[in-house]
Amino acid sequence: MKHTFRVSEAESAAAFERVSKALLTHDARQGVNYWAGSPHPTMLLWAGRIFDFLRVLEDIVGYYPARMQSYLVGYTSGWDGATVSASFPADGKEDGGAVRLLSTGTEILAGAGWGRGAIDYDDGTGVVRWAFPEGTAIGLAARASGLRDKPSCPFVAGFVAGWTNRSLGVQVEFQELECVGKGDARCLFESVPFLRTRTEPSP
Amino acid sequence: MAASRTTAQRAADFKTYVVVPPADLSSALREELLSFRTLQGWLSAAVTRRDGLTIQHTLATGAEAASLSAMAAALVGSARSTGNELEQGAFQYGIVQYNEGVLVVTEAGPEAILACLLASHVNLGLALLKIHRVSKSIGARLEAV
């Protein structure tokens, strides 16, 4: 069976009200925000700075190790975000809530300002695709600083991997097939069981 | 000790991430790594993807292997970057001598890196000969799978 979850512009605006306003609390004593009852401090961060972390790492240790380190951080964020979201009462219980939890990922990302996207999940093949027709925030930031020949969002790839694995109870990883930072029209992430990379992208 | 606990804990934190390598990849490499047992002073080894994800290893725990693999990939990556900056050509292998042992990292075909931990008293010439042979064999095996 194929599942498709899309967030319309109106839903994105509603998700912003919920995710970035209603679920965000401010501890005035600390001057720190918290999200949805999670103990992890939460803050606004310009997307370009996450891209900068990647660029600096790439210059030092190369593309692949930099990609993995960024991916791992994103992964933890996605895994933890799905864990917090699993406790929301609105989440349904069909399929143990797994598919419903997966679907909420798009609302959370759009509402948090990461990008408005869609998820296609084929439970027959197990393939999951996360697409961002306008690009992710990090991809847009990368594009603004000049096109490059390598994908810009291993952080988001890790995030969607963490969210997907936590939701569906699977172990897959995600590759960036299309990236607005490379000049593609959208950002597209697709699951693979195990990535085999044979060539180093040019610096 | 505190540093090693931190590193192990960090690797353990990401245990939910680790994608299980396909069985045919793992089994193809296990025999190659165990061939190091004949090398006096050899301690352990890991084959890692170029981004630092462990494919096969001989360490006691997956967390230890994850740390070694991540650092080996970073070492090779920074060595490649240095080579590019200095216009010294392609990376071949790196040797890091510590008080307590030796770490050798080398490319193992187009998609993998081989990292070997050796005792400080190892015959380095003999070890490099063996590591070179095994890395070639690993590269060929991965290409065949």
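In what follows, chains are A, B, ... by sequence order, proteins preceding strands, each numbered from 1. No hydrogens, no waters, no symmetry mates; every other heavy atom, side chains included, goes into these values.
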Atom [atom1] of residue position [X] - does it have more than 12 heavy atoms of other residues, nucleotides or ligands inside 6.0 Å?
{"X": "A:Q175", "atom1": "CD", "answer": "yes"}
{"X": "B:Q97", "atom1": "CD", "answer": "yes"}
{"X": "B:E31", "atom1": "CD", "answer": "no"}
{"X": "B:E100", "atom1": "CD", "answer": "no"}
{"X": "B:E143", "atom1": "CD", "answer": "yes"}
{"X": "A:L44", "atom1": "CG", "answer": "no"}

[atom1]-[atom2] distance between [X] and [Y], expressed to the nearest 0.5 angstrom:
{"X": "A:Y71", "Y": "B:L53", "atom1": "OH", "atom2": "CG", "value": "9.5 Å"}
{"X": "B:S81", "Y": "A:I60", "atom1": "OG", "atom2": "CD1", "value": "8.5 Å"}
{"X": "B:R50", "Y": "A:L195", "atom1": "CZ", "atom2": "CG", "value": "13.0 Å"}

Based on non-hydrogen pairs under 4.5 Å, which of A:R196, A:E58, A:R166 is most in contact with chain B? A:R196
Looking only at heavy atoms, what is the nearest atom pair of A:P65 and B:A73, with distance? CG-O, 3.4 Å
With chain A as the partner, which of B:T82, B:L25, B:I55 has the greatest number of non-hydrogen pairs under 4.5 Å? B:L25
Go through A:Y64 and B:R49 one step at a time and tell me if the side chain to side chain contact (heavy atoms under 4.5 Å, CB included) criterion holds. CA-CA 9 Å; A:Y64 283 125; B:R49 226 165 52 178; over 6 Å; no
